[in-house]
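Some notes on the structure that comes next.
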Amino acid sequence: MMDLSLVCHLGHRTGAAVATMPRLDGALTHYFPASGMVGPSLMHKQIAAACAAGVYTDVVMSDTGYRFPSLMTQRLTLVSPAEAGFDAHDAFLRIGAPRFIDAADDPDALWWSIATIIGHWHLRGYGLFALVERSTGRPVGMIGPWFPKGWPEPELSWHLTEDARGKGYASEAAEAVLDWLFREKNWSNIASFIPEDNTASIALAQRIGARPEQLVSFRLAPANNMRTWRHQPRQRLLGEPVITGRLQ
């Protein structure tokens, strides 16, 4: 597989359409835009534009003009990992990247998990946000609405890096996501499925106004003692929202 510099060279010389993308770590890279799949003609235009600009990298990031939502709190920026400008590999998959609580020990399984999280945004139009610490720019977790196939209903899910616990980041981000869902997306409620022995997540659910409901069981449930905790707008009117801005 040729690299992009050779693709650019051949494209300028022959004017021929380029039908494949360059490699990433020796493997064929599938090409996805920020919204749907890119057709060959648009792909060629984007490669040509990158060549004209002198961009010789292994991957051309698509930019169709569509932007996924980004939220801002006092200490965090919440950005979709599917956003073209977000480097999910550097944030989550590189050697030495911050480790997430309950992340897979197997790096191959972790890759599949991150790919699923990115794909969820394209398939559902929403998903887990990456939490980025505004003071340092480092990723400190993920949170957002999560509804993969096999789930009984959309779930507000959260995962922090090991060194980000105990700082109030989860509740700060959860408040921002719930404000976005209820005020902008007009959702009436959302569940969180929490194991009965996960005291930290139960405490978080209580802090942000969720109420316990019945135990829930489904085939892909990560535990066998999951309880539904329900988030609703009316339970949140008593507290002040922590969200301070909408970036996009």
Side-chain angles (χ1 to χ4, degrees), residues 68-83 85-118 120-121 126-148 154-181 190-210 222-223 226 229 231 236 239-248:
F68 291 99
S70 297
L71 309 175
M72 184 184 297
T73 71
Q74 182 178 0
R75 297 178 294 171
L76 301 168
T77 299
L78 284 67
V79 60
S80 166
E83 178 60 52
F86 183 80
D87 190 342
H89 183 277
D90 183 68
F92 306 126
L93 298 174
R94 63 174 171 80
I95 296 176
R99 178 166 176 78
F100 287 82
I101 301 300
D102 66 19
D105 292 326
D106 183 345
D108 294 342
L110 179 59
W111 189 97
W112 279 98
S113 295
I114 297 301
T116 300
I117 288 167
I118 292 172
H120 189 285
W121 277 94
Y126 58 84
L128 295 177
F129 289 90
L131 308 183
V132 180
E133 199 173 49
R134 292 177 61 186
S135 61
T136 65
R138 69 186 182 99
V140 294
M142 285 186 174
I143 190 170
W146 176 241
F147 190 25
E155 176 191 13
L156 178 64
S157 180
W158 49 77
H159 313 270
L160 291 182
T161 56
E162 292 178 331
D163 61 349
R165 304 182 75 180
K167 299 181 179 180
Y169 282 163
S171 56
E172 183 175 323
E175 294 279 1
V177 172
L178 289 171
D179 285 341
W180 172 66
L181 289 175
I190 186 171
S192 288
F193 304 129
I194 304 176
E196 291 281 76
D197 55 354
N198 189 337
T199 56
S201 284
I202 290 173
L204 171 59
Q206 292 172 330
R207 283 198 303 273
I208 59 180
M226 310 283 285
W229 287 77
H231 311 268
R236 298 169 43 71
E240 299 227 352
V242 299
I243 186 169
T244 60
R246 171 73 181 274
L247 299 183
Q248 297 170 8

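- At a cut-off of 3.5 Å, with distance as the only test, no side-chain donor of Glu83 or Ser80 sits close to an acceptor on the other residue.
- Within the 4.5 Å cutoff, side-chain heavy atoms of Arg134 are placed close to those of Met72.
- Within the 4.5 Å cutoff, the side chain of Phe92 has no heavy atoms near those of the Leu110 side chain.
- Inter-residue side-chain proximity for Trp146 and Thr116 is flagged as met; some heavy-atom pair is nearer than 4.5 Å.
- Of all the heavy atoms in Arg165 and Ala200, the pair that sits closest is NH2-CB, 3.8 Å.
- A donor-acceptor contact closer than 3.5 angstrom links the side chains of Trp158 and Ser201.
- Taking CG of Leu78 as the start and CZ of Phe68 as the end, the distance is 15.5 Å to the nearest 0.5 Å.
- Within the model, atoms CG of Leu204 and OH of Tyr169 stand 15.0 Å from one another, a figure rounded to the nearest 0.5 Å.
- Salt-bridge formation is detected for the pair Arg138/Asp163: a Lys NZ or Arg NE/NH1/NH2 atom is positioned less than 4.0 Å from an Asp or Glu carboxylate oxygen.
- Taken from CE in Met142 to CD1 in Ile114, the straight-line distance is 4.0 Å, to the nearest 0.5 Å.
- In this structure the side chain of Leu156 reaches within 4.5 angstrom of the side chain of His231, judged on heavy atoms.
- Taking both residues in full, the closest heavy atoms of Pro81 and Ala88 are given as O-CB, 4.4 Å, listed atom of the first, atom of the second, then distance.
- Between Leu76 atom CG and Phe129 atom CZ the span is 12.5 Å, to the nearest 0.5 Å.
- Between Ile194 and Ala205, the closest heavy-atom pair is CD1-CB, 3.8 Å.
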Test side chain to side chain contact (heavy atoms under 4.5 Å, CB included) on Ser157 and Leu128 and set out the steps. CA-CA 8 Å; Ser157 180; Leu128 295 177; 4.1 Å; yes
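- Taken to the nearest 0.5 Å, the CG atom of Leu131 stands 8.5 Å off from the OG1 atom of Thr161.
- Side-chain N or O atoms of His159 include none that pairs as donor or acceptor with a backbone N or O of Ile143 at under 3.5 Å.
- Nearest approach of Ala223 to Met226, heavy atoms of both residues: O-CG, 3.3 Å.
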Practice problem: Take Tyr126 and Trp121 through the ring-ring contact (aromatic ring centres under 6.0 Å, His included) test and state the conclusion after the steps. | Solution: CA-CA 5 Å; Tyr126 58 84; Trp121 277 94; 7.4 Å; no
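- The distance from atom CD of Glu172 to atom CD of Gln74, rounded to the nearest 0.5 Å, is 6.0 Å.
- Side-chain N/O atoms of Ser192 and Glu155 include no donor and acceptor closer than 3.5 Å.
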